[in-house]
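See below for the structure under consideration.
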Amino acid sequence: FFGITSGTTVFKITESGVEGNVTGNVTGNVTGNVTGSISGGEVNPTVAVIAGEAILKGDLVYPSGYDATSGKIKVKKADADGTDPAKCAWFVAPAAIESAAAGTVVGAYELTGQNTTSDVGTPVYLSDTTPGAWSANAPATAGDFIQQVGVVTAKDGTNGKVLLMPFYSKGVTLHTS
């Protein structure tokens with residue numbers, strides 16, 4: 001047994017692993033299993049990436065490859081057009097990223113200034129017509145993928161809000177009819 005107490009951090013290292021409580025922020029990497037709960041803040045992954053094409057603020061993206069030079073994941077605009085389920089959305093860009101440039105993507109992001117004529121709580125979907133975009137309507141073409149990527153959080157024709165959260169998507173369905 002080896003224990004460390006520092007401010008509000010108390011934990012012990014045993015033969016079976018690390019046990020204890022951490023109050024505050026954790027910076028760095030956690031390897032292994034975490035048992036218990038996470039509270040007191042949002043859990044929203046931020047990933048450093050290289051854009052495989054020009055990405056706009058609010059674009060839904062998917063991992064499209066790996067950049068060996070930078071050691072970062074490459075991303076492209078997600079698309080529900082039915083050509084490949086791997087092209088469905090995993091992340092959203094909180095800012096524009098130029099093609100071949102470095103940037104960050106996140107698991108969830110609220111877009112403002114949107115045309116949202118649907119009620120608050122109404123689902124939005126990955127578009128099957130515009131890569132990277134969300135749509136108020138689920139794809140209706142047979143063979144396209146249906147992925148709910150968020151919800152309307154404020155209804156307004158010009159100042160609406162949409163919470164995009166593709167990282168927390170419930171999955172993708174193939175449109176068959």
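The chain is numbered in sequence order, starting from 1.
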Hey, quick one: are [X] and [Y] part of the same hydrophobic cluster, counting side-chain heavy atoms closer than 4.5 Å, chains of contacts allowed?
| X | Y | result |
| --- | --- | --- |
| Tyr168 | Phe91 | yes |
| Met165 | Val152 | no |
| Leu60 | Leu163 | no |

**Request:** Mind jotting down which residue pairs meet the salt bridge (Lys or Arg N to Asp or Glu O under 4.0 Å) criterion with at least one end in residues 126-135? Sequence neighbours excluded, please.
**Result:**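 Residue pairs with at least one partner in residues 126-135: there are none.
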**Message:** Going by salt bridge (Lys or Arg N to Asp or Glu O under 4.0 Å), name the pairs with one or both residues in residues 100-113, residues two or more places apart or in two chains.
**Reply:**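 Applying salt bridge (Lys or Arg N to Asp or Glu O under 4.0 Å) to every pair that reaches into residues 100-113, excluding sequence neighbours, yields nothing.
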Please set out all donor-acceptor pairs under 3.5 angstrom arising from side-chain atoms of residues 98-109, sequence neighbours excluded.
none

Can you name the nearest heavy-atom pair linking [X] to [Y], along with the distance?
| X | Y | result |
| --- | --- | --- |
| Ala89 | Leu126 | N-CD2, 3.7 Å |
| Pro94 | Lys57 | O-CG, 3.4 Å |
| Tyr125 | Ala138 | CD1-N, 3.4 Å |

**Message:** Walk me through whether Val162 and Val151 qualify under side chain to side chain contact (heavy atoms under 4.5 Å, CB included).
**Reply:** CA-CA 6 Å; Val162 174; Val151 294; over 6 Å; no
**Message:** Can you list everything that forms a ring pair (Phe, Tyr, Trp, His ring centres under 6.0 Å) with Tyr62? Sequence neighbours excluded, please.
**Reply:**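 Residues passing ring pair (Phe, Tyr, Trp, His ring centres under 6.0 Å) with Tyr62: none at all.
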**Message:** Treating Gln114 as the side-chain partner and Asn159 as the backbone partner, does any N or O pair qualify as donor plus acceptor under 3.5 Å?
**Reply:**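 Such a contact is absent between Gln114 side chain and Asn159 backbone.
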**Asked** Do Thr116 side-chain atoms and Ala154 backbone N/O form a donor-acceptor pair below 3.5 Å?
**Response**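 Checked: pair present.
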**Prompt:** Cut-off 3.5 Å, side chains only: do Thr158 and Asp156 have a donor facing an acceptor?
**Reply:**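 A donor-acceptor contact under 3.5 Å links the two side chains.
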For residues 64-72, dump all side-chain donor-acceptor pairs below 3.5 Å to protein atoms at least two apart in sequence or in another chain.
{"residue": "Ser64", "atom": "OG", "partner": "Lys74", "partner atom": "O", "Å": "3.4"}
{"residue": "Asp67", "atom": "OD2", "partner": "Ser70", "partner atom": "N", "Å": "2.8"}
{"residue": "Asp67", "atom": "OD2", "partner": "Ser70", "partner atom": "OG", "Å": "2.6"}
{"residue": "Ser70", "atom": "OG", "partner": "Lys72", "partner atom": "N", "Å": "3.2"}

Is any side-chain heavy atom of [X] closer than 4.5 Å to a side-chain heavy atom of [Y]?
| X | Y | result |
| --- | --- | --- |
| Trp90 | Cys88 | no |
| Lys87 | Phe145 | no |
| Pro45 | Phe167 | yes |
| Ser127 | Thr129 | yes |
| Asp59 | Val92 | no |
| Lys77 | Ile55 | yes |
| Leu164 | Trp134 | yes |
| Ile50 | Val75 | no |

**Asked** Lys155: what forms a salt bridge (charged side-chain N to carboxylate O under 4.0 Å, His left out) with it, not counting sequence neighbours?
**Response**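 Counting only residues at least two positions away or on another chain, Lys155 forms a salt bridge (charged side-chain N to carboxylate O under 4.0 Å, His left out) with Asp119.
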